[in-house]
Each structure stands twice: as C-alpha cells, then as structure tokens.
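Below is one structure, written out as structure tokens; the observations come after it.
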Number of protein chains: 2
Amino acid sequence: MADVDADPKKLTRNQQAVLAALKGAGRPLTAYDVLGLPAIRKAGMKAPLTIYRALDKLIALGLVHRIESLNAFVHCGHGPHDHAAGFLICTDCGRTLEVHLESCENHLAGRARDQGFAVDDVRVEMTGRCPDCAGRAAVP
Amino acid sequence: MADVDADPKKLTRNQQAVLAALKGAGRPLTAYDVLGLPAIRKAGMKAPLTIYRALDKLIALGLVHRIESLNAFVHCGHGPHDHAAGFLICTDCGRTLEVHLESCENHLAGRARDQGFAVDDVRVEMTGRCPDCAGRAAVP
DNA sequence: TCGGACAATGTTATGATATAACATTTAAAA
DNA sequence: TTTTAAATGTTATATCATAACATTGTCCGA
C-alpha cells in the first residue's frame with residue numbers, strides 16, 4: 001500500500017521534476033516520453049534509469065500510478081490514497097480518468113478469497129472513449 | 001468481443017502450436033518463452049513476429065488472454081467467452097487463476113458510464129498468493 | 001561537528017518486449 | 001480457375017526496462 005504519510009516536500013530534485021512533468025502532461029507518459037521533455041533534460045536527467053528510479057519512488061509514495069496496458073505512468077490526481085485505483089483509458093485522446101474502487105475492490109478481492117487466493121493488489125484498467133471523445137464521435 | 005463461434009479446427013499450424021504450448025505450460029508465458037520451446041522450434045517458428053502473430057489471432061478468438069502486468073500470455077481454460085475475465089496472479093509460483101466477472105463488469109462499467117465514459121473493454125489483474133503457495137507460507 | 005549508514009544519483013552497457021516493411025505462400029471463395 | 005484475403009517468412013529496428021558499479025548527498029546519533 002501507498003505510504004500515505006509521505007511528505008512531498010521531501011522529494012528529491014529528480015523526483016520533483018518527474019512528478020511535475022506528469023502533472024503537466026495531464027495524461028499518461030512513458031518513461032521515454034518523460035526523458036524527452038526539455039524540462040527534464042534541463043534538470044540534468046539524461047538516462048532512462050534516472051527516470052525509472054524517480055518513477056519507482058513516486059509510485060511507492062502513491063503519487064504516480066503505472067498503467068500496465070500502456071507501459072506508461074500517470075500523475076495521481078487524488079493525492080496519496082490507500083485503496084485500489086481503476087483507470088478509464090481513452091483510446092482516442094490517450095487521456096485517463098481515475099476512478100476509486102472502494103466497493104469494487106471488496107467485491108473483486110472477495111471473489112478471489114472464495115478461491116483461497118490471498119490478494120495483495122488489485123488493478124483495473126478499462127478502455128473506451130472519454131466523455132469528450134465519445135461526444136465528438138456521436139456528432140461528427 | 002471474442003468470436004465465440006470460432007472453430008478451433010480452423011487454426012493454422014502456427015496457431016495450433018502456440019496454443020498447445022500455452023495449454024501445456026499451465027501458466028503465463030512471454031512470447032519469447034514460447035519462442036524458446038523445443039516444440040515451437042520443431043514447428044519451424046523461429047522469429048518473434050511469428051509468435052506474436054499467432055498470439056494476436058488466438059487472442060482475437062478468445063482462446064488466449066494477455067496478462068498486461070506480466071507481458072505474458074495464458075491459455076483460456078474456460079473456452080471462448082464473451083464477458084470480461086479477471087486474473088489472480090500468484091507472485092510465488094507464477095501461475096494464474098481466471099475468474100469470471102459477470103457482475104463486477106457491470107459494476108465497473110457502470111461506474112465508468114456514470115462519468116460519461118463509453119467502455120469497450122475491462123481488464124482486472126490481482127496479485128497475491130494462490131491457495132497452494134498461501135498454504136505453504138502459513139505452515140513453513 | 002564528525003562520521004557512519006543509507007538513499008539517491010551518474011554512467012555505461014545490455015536485456016527483454018514488440019513492431020515495421022516487404023516479399024512470398026497458402027487457403028478460401030467467386 | 002481466377003482472384004482475394006489471410007497467413008507466413010525474413011530482416012531489421014523500435015520500444016521498454018534493468019544490471020553493475022562507482023560516486024555523491026542527506027540525515028541522524030555519538
């Protein structure tokens with residue numbers, strides 16, 4: 001689970017730079033997308049590993065989520081939280097919406113426990129079209 | 001959605017070989033795992049693309065599922081089906097359990113629709129320990 | 001303040017996953 | 001049989017991620 005007590009002020013320069021990049025993007029970016037950003041190069045980061053290390057930390061702090069089906073990373077707009085997050089991924093514009101799964105998580109994890117499975121983590125990713133893109137498609 | 005009317009007899013030699021490999025493994029394999037299997041080399045497949053193409057087809061037919069968080073592929077033990085599948089991934093032994101999500105899918109997709117999101121596909125992956133491994137851990 | 005411990009960083013190289021492009025063959029249908 | 005679509009073969013390359021090891025920075029207790 002995320003370390004909800006994390007103090008954002010304690011982030012290192014690299015971590016701050018990567019977090020700011022994801023925040024500014026407003027959508028998931030791959031590690032190499034981040035690496036390519038001018039602000040990141042200006043911060044002196046120039047190797048993939050530098051980005052991945054910052055991302056690892058930010059994920060551990062619950063400030064960033066990894067989107068498995070995109071191999072990408074997105075800023076968590078909800079602040080650190082302890083319950084599982086679900087993502088709605090728009091296949092048109094590439095943006096994601098984060099949804100909380102308090103109730104679903106119990107349902108899903110309950111299903112798992114029924115089978116004797118001890119659940120550590122729940123990941124939900126849904127693809128489709130976001131409100132904006134769905135609207136555009138309907139009225140072309 | 002999966003083509004439930006798919007006829008397994010119509011699978012090509014490559015597709016049959018890959019499907020048999022995943023079936024035999026009983027757990028998720030990466031494309032390169034599959035490529036490395038003697039039976040696959042004997043079938044004449046020797047390039048990654050050959051494997052990926054067979055996998056693409058098998059996935060489209062609903063005979064194989066991709067596990068995003070493992071970059072791996074697993075045989076679907078339930079036969080082709082039309083509803084979303086969830087996976088319980090054991091971090092000890094690497095095996096997966098597939099669970100059906102009839103009810104959860106509605107719940108999740110409903111949440112999405114509440115936000116104006118048009119859902120095409122739902123993916124659920126849970127990590128933890130399977131009954132066997134959880135048992136071993138509890139009684140060491 | 002010093003010094004030890006630990007986290008973070010820098011650097012280079014490489015491993016692992018996935019697809020592009022284009023020629024050829026096979027299978028199915030008209 | 002012709003013609004059409006799908007599958008395959010082959011080579012090269014793109015994309016995502018980590019290993020290994022040296023160095024630096026930070027924090028806290030003695």
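Keep in mind that the numbers below use all heavy atoms, side chains included, and drop hydrogens, waters and symmetry copies. The model shown is predicted, which means the values in this text are computed figures rather than measured ones.
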Would you mind telling me which of B:Leu29, B:Leu35, B:Leu37 makes a side-chain contact (heavy atoms from CB on, under 4.5 Å) with B:Asp33?
-> B:Leu29

A:Arg66 vs D:dC16: side-chain N/O to OP1/OP2 distance below 4.0 Å | no

May I ask you to check whether B:Ser69 and B:Glu125 show a side-chain donor-acceptor distance below 3.5 Å?
-> yes

Residue-phosphate contact under 4.0 Å: B:Tyr32 side-chain N/O, C:dA16 OP1/OP2 = no

Reckon A:Thr12 has a side-chain N or O less than 4.0 Å from the OP1 or OP2 of C:dT9?
-> yes

Any A:Lys57 side-chain N or O less than 4.0 Å from OP1/OP2 of C:dA8 | yes

Proximity to the side chain of A:Leu49 - top-ranked nucleotide from D:dT10, D:dA17, D:dA20 | D:dA20

Side-chain donor or acceptor of A:Arg53 under 3.5 Å from a matching atom on the base of C:dG10?
-> yes

Give a yes/no answer on whether the side chain of A:Arg13 brings an N or O atom under 4.0 Å of OP1 or OP2 in D:dT24.
-> no

Would you indicate which nucleotide in D:dT18, C:dA8, C:dT11 comes nearest to any side-chain atom of A:Ala47?
-> C:dT11

Side-chain N or O of B:Lys46 less than 4.0 angstrom from OP1 or OP2 on D:dT10?
-> yes

May I ask you to verify if any side-chain N or O of A:Asn14 is less than 4.0 angstrom from the OP1 or OP2 atom of C:dG10?
-> yes

is_close_aromatic(A:Phe73, A:His65), centroid dist under 6.0 Å = no

Nucleotide nearest B:Thr30 (side chain, heavy atoms from C-beta), chosen from D:dT10, C:dT17, C:dT11 = C:dT17

Out of D:dT8, D:dA17, C:dT17, which nucleotide sits closest to the side chain of B:Gln15?
-> D:dT8

Does a salt bridge link A:Arg129 with B:Asp120, judged by any charged N lying under 4.0 Å from a carboxylate O?
-> yes

